[in-house]
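Single-structure report; data block below.
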Amino acid sequence: YPILLLAMPGIANQAYAQNLLAENLVYLPILFTMLELGHDNAGSRTQVALRTLRRLGSEPLILSILLGCAFSLLGLNLPSVIDRPLHMLAAGASATALMVIGGTLAHLKPRGVRALAGYIVACKLILHPLVIFGLIALSATAGVAEMTPEMRAALILSCAMPPLGVFSVIAQLHGKQGFASATQLGATIGALFTLSALLYVLT
């Protein structure tokens, strides 16, 4: 969001809101379903569906999106005694996440992790925006979707961002926090170069 706000302030809020809705209401349910299916003792489809629904119902990201939508539709505002501490927590969330990632990496054995982490970083920072660029060009040629140049740039930039902090949190629930933290660190460093190049080209 800060990058979008600096590069294209006119549509930053709209692009960020669409990202949140897509990620939390579409992609996360698919992700949790895939994680449940990946277990050796996944069980029947009904059991997997129930476990996925139970996890989604207790997922803070999903609940916060639903509550935020409800507050927005109803025109409600949080009392300042609640709103101000939340803003203070949000300001320190990024630094806290980096400390957690750093602590995880300090105990990580790099052997066997670098190749997988590097593969995911390349897919996230290079392949993902390239695929989206191709889909945008294809949809424009077919006349399926009309987007302004700014919205196209915002979509490509959003797809070129490194993974959010929740990536390591979700991986930790399945015992994969080591390589997830290494991936997140590598993607954050790599994005300094790939995002800079994209911003130069797109803005």
Side-chain angles (χ1 to χ4, degrees), residues 1-32 34 59-62 64-66 68-69 72 87 89-102 105 116-171 179-203:
Y1 178 69
I3 293 176
L4 291 176
L5 192 60
L6 288 172
M8 43 196 68
I11 61 166
N13 289 337
Q14 179 185 355
Y16 185 61
Q18 290 178 357
N19 272 311
L20 284 180
L21 289 173
E23 288 174 1
N24 291 287
L25 299 181
V26 179
Y27 298 131
L28 277 182
I30 294 174
L31 170 65
F32 287 134
M34 292 173 66
E59 176 59 46
L61 281 173
I62 303 293
S64 63
I65 287 290
L66 294 177
C69 289
S72 179
H87 278 287
L89 287 172
S94 298
T96 304
L98 289 175
M99 291 179 62
V100 172
I101 292 171
L105 291 173
L116 180 58
Y119 170 74
I120 296 175
V121 169
C123 286
K124 186 67 189 77
L125 299 184
I126 300 173
L127 183 60
H128 192 185
L130 283 176
V131 169
I132 295 302
F133 178 80
L135 290 174
I136 290 174
L138 184 62
S139 63
T141 302
V144 175
E146 292 291 337
M147 287 192 295
T148 64
E150 271 198 330
M151 186 56 73
R152 287 197 297 267
L155 177 57
I156 295 172
L157 284 173
S158 298
C159 295
M161 300 290 174
L164 295 175
V166 71
F167 175 64
S168 297
V169 175
I170 295 174
F179 96 88
S181 296
T183 300
Q184 195 162 1
L185 179 64
T188 302
I189 295 173
L192 174 65
F193 304 97
T194 57
L195 276 179
S196 297
L198 279 174
L199 285 168
Y200 178 78
V201 173
L202 296 174
T203 59

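Since the model is a prediction, treat every value here as computed from it, not as a measurement.
Among residue pairs with one or both ends in residues 2-29, those qualifying as ring-ring contact (aromatic ring centres under 6.0 Å, His included) are Tyr1-Tyr16; sequence neighbours excluded.
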Compile the donor-acceptor pairs under 3.5 Å between side chains in residues 131-142 and protein atoms, sequence neighbours left out, one pair per line.
{"unit_1": "Ser139", "atom_1": "OG", "unit_2": "Leu135", "atom_2": "O", "d": "3.1"}
{"unit_1": "Ser139", "atom_1": "OG", "unit_2": "Ile136", "atom_2": "O", "d": "2.9"}
{"unit_1": "Thr141", "atom_1": "OG1", "unit_2": "Ala137", "atom_2": "O", "d": "2.8"}

Kindly list each side-chain donor-acceptor pair under 3.5 angstrom involving residues 121-130, sequence neighbours excluded, with atom names and distances?
{"unit_1": "Lys124", "atom_1": "NZ", "unit_2": "His128", "atom_2": "ND1", "d": "3.3"}
{"unit_1": "Lys124", "atom_1": "NZ", "unit_2": "Cys159", "atom_2": "O", "d": "2.6"}
{"unit_1": "Lys124", "atom_1": "NZ", "unit_2": "Met161", "atom_2": "O", "d": "2.9"}
{"unit_1": "His128", "atom_1": "ND1", "unit_2": "Cys159", "atom_2": "O", "d": "3.1"}

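Listed by chain and residue number, nothing satisfies the side chain to side chain donor-acceptor pair (under 3.5 Å) test with Thr194 (two or more places apart in sequence, or in another chain). With sequence neighbours excluded, the residues satisfying side-chain contact (heavy atoms from CB on, under 4.5 Å) with Ile120 are Leu116, Phe179, Thr183.
Atoms CZ and CG, from Arg152 and Leu157 in turn, are 13.0 Å apart once rounded to the nearest 0.5 Å. Put simply, CG on Leu4 and CG on Asn13 are 10.0 Å apart, with the number rounded to the nearest 0.5 Å. Expressed to the nearest 0.5 Å, how far CD1 of Ile3 lies from CG of Leu195 amounts to 5.0 Å. In this structure, CG in Leu202 is found 7.5 Å from CG in Leu199, a value given to the nearest 0.5 Å.
The two atoms that bring Pro9 and Ala7 nearest to each other are CD-C, 3.8 Å, heavy atoms only. Across every non-hydrogen atom of Asn19 and Ser158, the tightest pair is ND2-OG, 2.9 Å.
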* Does the pair Met151 and Met8 meet the rule for a side chain to side chain contact (heavy atoms under 4.5 Å, CB included), with working shown? -> CA-CA 9 Å; Met151 186 56 73; Met8 43 196 68; over 6 Å; no

